[in-house]
Amino acid sequence: MKSKIDPKIVVGLALAVGVLLLTAAASFWSIRGLKVQTGRVQHTYQVLQEAESITAVLKDAQAGTRGYLLTGDTVYLRPYSMASNQLPDALARMRDLTVDNPEQRARLDSLQMLVEQEFRILRPLTEIKKAMSQSAMQTLLDTDRQTLRQVRVLYARIKRNELALLAQRSELQDIFETATPIVVLVSAVLAVLIVVWLVMKIVSELADNRRLQGELTNINAEVSRRIAQIRALAEQVVQGDYTVKITDSEADNLGGLAISLNRMTQTLDESFSALEKRNQELDQFAYVASHDLKAPLRGVTTIVKWIEDELAAELSPQLRTYLDQMKGRLSRLEDLINGLLAYARVGRTAQPPAPVDVAQLLGEVAELVVPPDFTLRIGTDMPTLVTDRLGLQQVFTNLLSNAVKYHHRGAGHLEVTCQDIGRCYEFRVQDDGPGIAPEYHQKIFLLFQTLRDRHTAESTGIGLSIVQKIIDEQKGTIRVESAPGQGAGFIFTWPK
């Protein structure tokens, strides 16, 4: 029995999550707005402070210059010197602060012009050695008073504008400060109400689940017992007992599965009995092929040899050619029979795993199939593993003998390397022979596929098929990497 969640609980949970998300969004919006408005208020205060500072510094410069003119003491020129150093930086800061306010930027440009004008007026008054008439000095002082008056008027306008902005921004700041707790409180109350309702629904759901728990426990116990029977049948099938049956008459899925498994074991029992009979017939065929077929073949070979020995003087060159061709055909037929028998026996004779030193095994194989004029390099990282020694020996024997057999020169270089790739080893048998065109990379592993003339005695086209079948029995893979004129590399994997 399956317990379903009440859709109302899902809807309520989704609503509660939505309210919480809304609360978080509203809080974020309020806090962010409060932060923005606070920053704008601070920005307004900075503009007011900079404008006031510019006006005060300019006023001090004017007062100091007048004191210098009255007393002749250069100490009074210190405010003028400080103003000439401070005002450019103050105006630059003011320009940065009003970059987003075109009206204030225009007033700042006017203020900068007045400051420059003021310095043009004050500069001649601070030069002691410069002779100046009383009337000219009075004119400069009058102009200075008018300029400073304009500066005060412009400062008043800047201040009014910033104070208006300050009032607006402070009002928005107050709104955000008031709205934020209200939004959070309302959202929290809604979330609490929804959570209470959810808790009540969940408590009711838990009560229903407890009522179902007893039924589910009994059903689970019965299902476990029936599954244990199925598992026991599977284990007995793995052990090779196909006569086992399950006694389960329930009209449900497990009962249907039990019936299907009983049919499967019966079919497997019948199939394996038939397969065993076929294997016996195949063994009998192998015996006939190895004795009854090869015996007449040896007889024909012997007759051909007798003809060559006893009628050597009477044989014409053409007839001798025919006899040589006959011997080649007979030798090829014998190789084909031996190859087919070897292919049929792969995987049929179980070999007990034994420790195999691959480097030593390759040395033994090289003594049998690698001629003295060939060089064989064996990698230093050859492993020692517990495996089917005969199968691995057959693989290396076929690959190395093929590398020698199909080499296009009288001598060559062979190399066998190995690398650990995790669950298995990857071996590579490389030669420097004529290579294999890409279109033959798959065909060469098929029965009777050879790149040489079929009339060549040693080219039966079975060797690589035997290699692939042995590797398939070991759950490995084999492939070839080659191109014409670049040699051939056979790469196969072998389980550890």
Side-chain angles (χ1 to χ4, degrees), residues 1-24 188 190-280 347-348 350-353 385-388 421-424 472-477 493-496:
M1 298 179 67
K2 185 176 181 181
S3 176
K4 295 183 178 180
I5 299 177
D6 191 340
K8 294 181 180 179
I9 295 180
V10 177
V11 173
L13 182 61
L15 185 60
V17 171
V19 170
L20 291 176
L21 291 176
L22 181 62
T23 302
L190 289 176
V192 168
L193 293 176
I194 294 173
V195 168
V196 170
W197 179 80
L198 281 175
V199 169
M200 295 175 61
K201 293 297 293 183
I202 291 173
V203 169
S204 176
E205 189 77 10
L206 290 175
D208 294 337
N209 288 337
R210 282 194 295 269
R211 286 194 298 269
L212 294 174
Q213 189 66 37
E215 298 178 22
L216 290 175
T217 301
N218 296 333
I219 292 174
N220 287 335
E222 179 65 16
V223 170
S224 298
R225 182 188 64 79
R226 296 167 67 187
I227 291 177
Q229 286 186 345
I230 295 174
R231 183 181 298 171
L233 177 138
E235 291 294 335
Q236 289 180 275
V237 170
V238 171
Q239 299 299 327
D241 182 6
Y242 306 110
T243 62
V244 64
K245 302 294 179 183
I246 299 177
T247 56
D248 192 333
S249 58
E250 295 291 336
D252 55 9
N253 289 334
L254 285 178
L257 177 61
I259 294 174
S260 299
L261 288 175
N262 288 336
R263 292 176 181 173
M264 181 194 72
T265 54
Q266 181 179 357
T267 303
L268 285 175
D269 189 31
E270 296 172 355
S271 299
F272 276 103
S273 298
L275 180 61
E276 185 176 358
K277 183 178 179 181
R278 298 294 184 273
N279 287 338
Q280 292 174 355
R348 291 178 50 77
Q351 297 291 330
L385 64 162
V386 179
T387 187
D388 176 10
I421 60 173
R423 299 177 60 184
C424 56
D472 289 343
E473 290 287 334
Q474 296 291 333
K475 310 301 182 187
T477 60
T493 58
W494 196 270
K496 294 182 178 181

Shortest non-hydrogen separation from Asp388 to Trp494 and the atoms involved: O-CZ2, 4.1 Å

Tell me, please, which residues at least two apart from Lys475 pass salt bridge (charged side-chain N to carboxylate O under 4.0 Å, His left out). none

Between CD on residue Gln213 and CG on residue Asn220, distance to nearest 0.5 Å: 8.0 Å

Please list, chain by chain and in numerical order, all residues satisfying side-chain hydrogen bond (donor to acceptor under 3.5 Å, both in side chains) with Arg225, sequence neighbours excluded. Glu222

Locate the shortest heavy-atom distance separating Pro353 from Val386; write the atom from each residue and the value. CB-CG1, 3.7 Å

Residues, nucleotides or ligands: over 12 heavy atoms within 6.0 Å of Met200 CE: no

Under 3.5 Å donor-acceptor, Lys496 side chain and Gly422 backbone: yes

With sequence neighbours excluded, residues passing side chain to side chain contact (heavy atoms under 4.5 Å, CB included) with Ile421: Gln419, Cys424, Glu426, Thr493

